[in-house]
Amino acid sequence: LPLDDQVRRAVGAALRFLPAGTQVCHGDFHPGNILLADAGPVIIDWADAGLGNPAADVARTATILAGTAATEPALSRPQRLLLRWLLRLYETRYFRRCPGGALEHESWLPVMAAVRLGEGVESQTDWLRGRVLTAFGPDRSRG
């Protein structure tokens, strides 16, 4: 994980205060894990599924979509805009079903960026690191 020990400790402390949850979560939900079938969309690749907090699962999806839109060199401008639009639609629908979930979702975003850093997505390293440091970096403690 390309983060210093102080930042890693801050992320770990945040995890202790965020609610774990007991709902079924996909763990890797993104457009690549949706098949369009005749009967309608089918969500695939449940290998990372588990019980958890839906706000964390949504934050992970947001991190995947936003990071890809921000950093993937192969994407065209329309593709980047489409990913950002999908993310807004996804979050809007989630918050409509879970009023008040936006604050918890926001709390999970830098944690999920740190998790994603640990996955070694090289094209997103700088972007993800920036998201983590904005929330937990050493400069955050200075007033």
Do [X] and [Y] sit in one hydrophobic cluster, given that two such residues count as connected whenever their side-chain heavy atoms are within less than 4.5 Å of each other, even indirectly?
| X | Y | value |
| --- | --- | --- |
| Trp108 | Val7 | yes |
| Leu81 | Leu65 | no |
| Trp46 | Val58 | yes |
| Val11 | Met112 | yes |
| Leu109 | Leu18 | no |

Checklist entry - CZ of Arg77 to CG of Leu82: how many Å apart, nearest 0.5 Å? => result 13.0 Å
Checklist entry - Rounded to the nearest 0.5 Å, how far apart are CG of Asp45 and CZ of Phe29? => result 12.0 Å
Checklist entry - Does the side-chain contact (heavy atoms from CB on, under 4.5 Å) test come out yes or no for Thr63 and Leu128, once each step is laid out? => result CA-CA 8 Å; Thr63 301; Leu128 291 164; 3.6 Å; yes
Next on the checklist: Treating Arg116 as the side-chain partner and Gln124 as the backbone partner, does any N or O pair qualify as donor plus acceptor under 3.5 Å?
Outcome noted: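 No; zero donor-acceptor contacts below 3.5 Å.
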Next on the checklist: Would the distance check show the side chain of His26 and the main-chain N or O of Ile43 forming a donor-acceptor pair, the cut-off being under 3.5 Å?
Outcome noted: no
Checklist entry - Under the ring-ring contact (aromatic ring centres under 6.0 Å, His included) test, which residues partner His105, sequence neighbours left out? => result Phe95
Item to check | Asp48 atom CG: more than 12 heavy-atom contacts under 6.0 Å | outcome: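 Check passes, neighbour count above 12.
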Checklist entry - Got a sec: does the CD of Glu122 have more than 12 other heavy atoms crowding it under 6.0 Å? => result no
State, with a plain yes or no, whether a side-chain heavy atom of [X] is found less than 4.5 Å away from one of [Y].
| X | Y | answer |
| --- | --- | --- |
| Asp57 | Asn53 | no |
| Pro31 | Leu86 | yes |
| Arg88 | Arg84 | yes |
| Asp28 | Ile64 | yes |
| Pro54 | Tyr94 | yes |
| Thr92 | Arg96 | yes |
| Glu72 | Leu75 | yes |

Checklist entry - Asp5 and Arg8: salt bridge (Lys or Arg N to Asp or Glu O under 4.0 Å), yes or no, with the steps? => result CA-CA 5 Å; Asp5 288 339; Arg8 277 193 290 247; 2.4 Å; yes
How close do [X] and [Y] get, heavy atom to heavy atom, and via which atoms?
| X | Y | value |
| --- | --- | --- |
| Val42 | Ala37 | CG2-CB, 4.1 Å |
| Leu36 | Pro41 | CD2-CB, 4.2 Å |
| Pro19 | Glu104 | CG-OE2, 3.2 Å |
| Val132 | Pro110 | CG2-O, 3.5 Å |
| Gly32 | Ile44 | O-CD1, 4.3 Å |

Next on the checklist: Determine whether Gln79 and Ser76 satisfy the following criterion, side chain to side chain donor-acceptor pair (under 3.5 Å), listing intermediate values before the conclusion.
Outcome noted: CA-CA 5 Å; Gln79 289 170 320; Ser76 66; 3.3 Å; yes
Item to check | Arg131 with Glu106: basic N within carboxylate O range, under 4.0 Å | outcome: no
